[in-house]
Amino acid sequence: MATTLSSSVVNSGGFVSIPIKFSEKSNSKSYLFCKDHRVRERHECKPQDRTLFVANVPSYCDKECMKNIFRDCGIVEQVLFHKKPTAGLPAENTSNFFINEQPIKGYKVAYIVFKKPSGLRNALNLMLNIKASECEPQILSPQTHLLPVGIKKWCQEYNDKVPDIKALKEEIDTYMSDFDKIVEGEKNQAKQMEGVPDEEGWITVTKHGKKSVAPRTDTYQKKVLAKEKKKRSQKELLNFYTFQVKQSKMEHLAELRKKFEEDKQRIALMKAAKSSRKFKPY
Amino acid sequence: MKRKRNEPMKIGSDNDFEKAEKNGETDASEDDSEYLEDEDVKEILEEDGQVSNSLEDSRFEESTKPPKKLGKLSKDELFKPPSRDELNNLKEAETLFHSSLFKMQTEELLKEVKVKPKLKKKFEPWLHALKEYLSHLKEEPAYELSDLSWLKKKNVKVPLVWEPQEAKGKFCFLPPSNIRIVGSYLLDLVCRPNVTIDVAVEIPKEMLQHGDFLNHRYCRKRALYLAILASTLKKSELVKEVSFTYSHGDPRKPSLLITPMDKPFTVCLLPHPPMEYFKLSRFLPRKNNVRPSWFFGSSSTLREDVPTPHYNASVLRDLKMVENLEYLYQKLGSSPGLCDAILMLKVWLHQRHLDKIHGGFSGFIMTMFVAYLLKVRRVSSLMSSYQVLRTVLLSLSQADWCSQGITLCNDVSDSQRCIEEFHSLYEVVFLDSSGFLNLCADMSKETFQRAEEFREFWGHKSELRRFQDGGICEAVLWPASSTADRRMIFKLVAQFVLEKHAGISPQFVEIIGGQLDHLLTVPCSALPSDWPSYGTGEEATMAVIQSYSSLMKKLRSVEGLPLSITSIQGISPIFRGCEVFPPVPISYRAGKKMTSHKQNCTILKGNVGMAPSWVQPLKVVVHMEGSGKWPDDVHAIRRVKAAFHIRLAELLKKQFSLTTAPFPEYVDIFMDGYVFRIIIACHKELILSRQVMTPEGIVAVKDTEESQNLERQTVLLPKLTSTLQGLHAQHSIFSASCRLAKRWINSQLLGDHISDVCIELLVSHLFLAPTPFTVPGSPQVAFLRFLFLLSNHDWQTSPLILNLNNEFKKKDFVEIQKTFTSQRPTLPPMFIAIPQDKVVSTWTRHSPSTRILHRLTILAKEALATLEKQLKESSEMDIRQSFGQFVNMLNSFRAWVGRALDFGAGVSGSIPCNTTKYSPHYKLQVHYKSDSQSPSMDDGCCRLATFLLIFRPPLDLYDVIIHLRPLQIPKRHLGVDYQEGKILSKCEPYKYSKDEKLPVVDYDPVVKYLKELNVCYKEFALFFYDHFGGEFVGVLWKPFAFEPKPFKISHIGGRMIKGSTKDGEANIVPNIEAILEDFSILGTGLVRCIETKTEKWMID
């Protein structure tokens, strides 16, 4: 019994599967794949000794429901969701109204951080000792904690979209005044730094005047380069020597040949297209 | 290419042609070279064709293989010294055909059209047998021409109108004195696919009398002769079927069509009198050959010598038939360039259906015209087919045979007088080599009678009316309450005219053109009670536009905004007239059980058992003036925009007492019962969202997904909207056509897979570049053409270039074609270039995919075939028996209806009577059956239902079908098969009240559901839904979805471990059971049940 399981564990890259189902009534079960979190790139929010990595988490699972599943193993300190395995903290929205990070959609991965290392150990042991097929699936959406899905969820989303105008106004005001301060600060700093060498000894020179300076953009640079190239090519004589004349004739012929070849291919393609009636006039 | 190799063809440059013209018809080109047959090309082409055929794959597989790398020659090959042949060949392609591609295309076309030598081999022995058979026919006893009773025994009818009964002369049958092939076959000019070979049958001298040209006698003998031939041939083993037809629709001249036993061609027997049998001068146009006293009876008041030019030409044509064909053979036979060009011209005529009607421009006239051009040296026998084609079309466009006829006759002094003579009696003049026969005798230009006849024609319908410009005219008023009705005025007019002047009762007249209109209507229960006729929704669109313009005025006059508004542009389809179901203002009242309020908005309670009415936000982009005060940061700009939204909402409420609700991204305004969604835009945001700082500190421009979305919404879509709005104004039926197309795409559940704009562009193509047809004149015709375009355009090899606003220059076309060819693999499967977007094809970039496009093509083909068949069946015409009378009536009718339409509906009024897809307007069908029963009402209902067939998706295709609860579908009433009365919720008209709240806007649970399904299960399946009231979602597993994969975290979503590979690695497969259950979990409350069609797929 244990051997079959351990073999499956080894086969799937050290992952253990936990059966889950949505509610008591569900007939089918799916599997979460768990493993202790062990990566080269460490991050303090996911301490290696107490973090469990869980993959194949359905889209409707929330933090509460993950905590529920692992409540028997120990106290869960934090649940972090990501679209795919990531080292750092998930990006969070700083504002209630302006989304800069889209919420995770579809299947996701979760990092469960236990309060104590024993929690992680318990979780791994527990799962190793139960054969997956025998284990009663964990219920994601028990009566005590119903997950919002379907119509309920969409209604909620619709309602949440209606903003509290007062709060929105306040948020905008604070953000803008902060932003203005930052801009002002940057400006002041630039002014102060004028003529003062930085740590490597470079001095930034700025022009203050009515006439604008050449903008440092990609398009402008390209324009300048093209202009120069044109100038250079105008100076060149192209059919001065006999060999040049000969060459240009050869090139013309080559051009014709190339075109002929391409056209041949195109006709072939047109003919090949099965649905086409290209050459059948009616 | 069918040219023989050993037959040299002279090639010369343009200079040589000039010389040739100067020197007459001598061979002037000095650098003659043998024409190089491109065997290699042919071989390559054939090989390729075979390869691709074997690659064919059915159902949803990728239909077109990725394009092969274009033939690149190595450097050595490019620069090797050319052979003389090669050099000539390349140069010829360049100078004579513009490009070698064009040349090769023409060659391919001709190959398709020309008759294969195999057929000739079959034909010749058959003809020999036929000749043998005909020349050994038995003589028949002589009968009086007026007595037709003996024909009954023969079991055949005379293919001629026998009016008046009385006729002089005798008829006795003798076997034909000569049988020969005439017409295009000799010159190798027969066009496939319907190969008809003309065979002339000479009526023996002994059968005719010298006065036979008089009083239809010749025509009658000719018809009887054919009747006897038909009756005997029917019994012959050589023949499968015989039928009568009218050559070029001339009711005087029947001919006999023979379908041989198992042979892929038909033969047309044309009887003619022996050459020179009648005196040519008898048939000069001034002469009278049908005596009025005989035709109208003795009571006729007409003078006896009234000219009968059309009759004369008709007999004369038979008399000169063989001679003319010999003339052609002589002139054209030796020039392959001319022959090829004539073939192409025939194809051109056929495509435009110019050659099929009575008095049409037949292939024969075209051939004669080429001969004429040869005679006046506009073309030469050395020219390439392309040059000839161009010259002919050019001369045709310049020619005016109505006032300046042309002649093939050499005797100029004599025939010049004749031409004028001919002009006085024929409308179109083109004389043959003898100068006697007018080839174009039957051709007529539209003749308009005088206005005085107006009253007489319209009878009691006509009344004196005063128009706005002050003019007082005789006019006819036709009632119509909606645009859809207005389009159908044609029907009323036709019914009225036919009843009044032809005595055809309206129930036998059927108009093909409005059968699909009802797909654009909404059930009455969704309309406010005071709404006038909805028709096909044009009026509803107009009402929205009116509200929108008053909103624009308000926006522009708002006081207190810190920056001024620079532009207001609608971006929703309704502003292009392309919204399938434009909103109507109703009062939105949802029960307290379902909804409550939050500020100005209505919000939903979670346990709603029924979705609230669908309210569509009408999006409007408002650009604010640029200013230095806009911050230099995308996030800050967003905040400023939100502040603008709040401010705008407040101001509109205060100054115009509009109900408004601001959101961070937009502000919703409730006005006149519509919800306008105003999105403030600022150009700086787009610039900033594109800017990227390179490591060198240079600002570069780089498109991101986000910046592209923004560009689409604030720049491209507004511009496109105004362009299409212009098209909508120009072609009144663009709107209905486009909506019909969208409706169809959605009904095939492909709405999510093809963007709205993409459909609009496709439809606009039908109006911008309708060739080879003319601009469609009814939505139904436009829809048929839309299907035609979808099923016939070769997306793999050619881009669709839309010259919106005529902004493209000639060089743009070349450039687009060039970039398209060179970058084909990286471009989307459906490539549409418009002036604002030449190389990216923004609107088709993400959809449709190759697979969907392939499916769409198949569906369109099917739908087109079905619909055309249904339209044809719905109106079988049975007028053959009395064709002669009918044609005349129809001709005079045409002119009148043309006029009537100019008066009544402003639709241009030509009514070509040919098949549905090709005719630009409505098609008129008359059941000329006086004894048939009147169709009952049930009949009509059934008919409408049959037209729905193509709007019902085939369900057997899908692997899983998710059935939805109808009550949760906000647009359920728009469904194709929605039965009125299922849910009775009468709508009250919208009324403004001071404390009104915004309704629930843009809430469609099905859309949300589809989004979630796509996000979670995109990897496994495709989802299909009809956004206009569909009650189920079709699911199709992707082809390789069930393949086991090695265990990888990136692919683990929705899968489970199953089995292991040989190396002991675990495999994962989709957890189908769980996925199916997830389908219903994600749609809790919306999904009714899930139907799995496991017979199509298996869970292992």
Side-chain angles (χ1 to χ4, degrees), chain A residues 11-13 17 22 26 28 30-31 33 55-56 59 84-85 97-98 105-107 149-152 154-156 158-159 162-163 165 169 172 175-176 179 216-218 250 253-254 256-282, chain B residues 41 45 48-49 52 56 70-71 73 78-79 82 90 100-101 104 108-109 112 347 351 598 601 603-604 606 636 638-639 642-643 646 662-664 698-701 792 794 796-797 857 1003 1005 1008 1015-1016 1047 1049 1052-1054 1056-1057 1060 1064-1066 1071 1073-1074 1077 1081-1086:
Chain A
N11 286 346
S12 49
S17 41
F22 185 73
S26 303
S28 64
S30 56
Y31 301 92
F33 298 97
N56 196 19
S59 59
K84 52 186 183 211
F97 304 105
F98 298 93
K105 285 170 184 162
Y107 283 96
V149 280
I151 298 281
K152 209 167 140 193
W154 301 321
C155 287
Q156 195 54 47
Y158 181 85
N159 297 345
V162 179
I165 297 173
K169 252 184 183 168
I172 293 171
Y175 184 93
M176 286 316 291
F179 178 78
R216 289 199 46 156
T217 59
D218 201 25
M250 284 304 283
L253 183 69
L256 281 179
R257 272 182 182 156
K258 219 171 102 192
K259 202 156 169 271
F260 183 66
E261 205 61 31
E262 278 175 15
D263 290 347
K264 241 161 56 174
Q265 294 281 345
R266 275 184 62 194
I267 291 276
L269 266 178
M270 284 181 193
K271 273 190 84 164
K274 119 184 116 157
S275 61
S276 126
R277 33 136 257 165
K278 260 273 131 66
F279 302 116
K280 287 184 189 145
Y282 358 87
Chain B
V41 184
L45 294 181
D48 267 8
S52 81
E56 276 181 22
L70 284 175
L73 295 173
L78 274 178
F79 289 99
L90 285 173
S100 43
L101 177 72
M104 285 190 256
E108 288 297 328
L109 175 80
E112 273 314 317
V347 170
Q351 279 178 336
K598 180 176 173 188
C601 302
I603 57 170
L604 294 152
R638 266 184 222 156
R639 263 75 178 184
I646 297 174
F663 292 81
I698 292 171
V699 178
V701 174
N792 279 301
D794 183 3
Q796 184 56 36
T797 54
T857 312
Y1003 170 75
K1008 302 252 182 203
V1015 163
C1016 297
F1047 189 95
I1049 285 297
I1052 198 78
M1056 60 181 183
I1057 294 177
S1060 53
E1065 282 289 308
N1071 187 356
E1073 253 178 82
E1077 192 163 336
I1081 291 171
L1082 289 175
T1084 309
L1086 175 67

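In the text below, chain A, chain B and the rest are named by the order of the sequence lines, each starting its count at 1.
- If you measure heavy-atom distances from B:Ile646 to chain A, the contacts under 4.5 Å come from the side chain alone.
- Both the backbone and the side chain of A:Lys105 come within less than 4.5 Å of a heavy atom of chain B.
- Across B:Ile603 and A:Val162, no two heavy atoms sit closer than the pair CG2-CG2, 4.0 Å.
- Of the listed residues (A:Leu253, A:Leu256, A:Asn56), the greatest number of heavy-atom pairs within a distance under 4.5 Å of chain B belongs to A:Asn56.
- Counting heavy-atom pairs closer than 4.5 Å to chain B, the top-ranked of the candidates A:Tyr175, A:Phe97, A:Trp154 is A:Trp154.
- Residues meeting the side chain to side chain donor-acceptor pair (under 3.5 Å) test with B:Lys598, sequence neighbours left out: none.
- The aromatic ring centres of B:Phe1047 and A:Phe33 sit less than 6.0 Å apart.
- Residues meeting the side chain to side chain contact (heavy atoms under 4.5 Å, CB included) test with A:Val149, sequence neighbours left out: A:Phe22, A:Tyr60, B:Ile1081, B:Thr1084.
- For chain B, the nearby part of A:Tyr158 is the side chain; its heavy atoms alone come within less than 4.5 Å.
- Of the two parts of A:Ser59, only the side chain, counted from C-beta on, holds a non-hydrogen atom closer than 4.5 Å to a non-hydrogen atom of chain B.
- Nearest approach of B:Ala636 to A:Met176, heavy atoms of both residues: O-SD, 3.9 Å.
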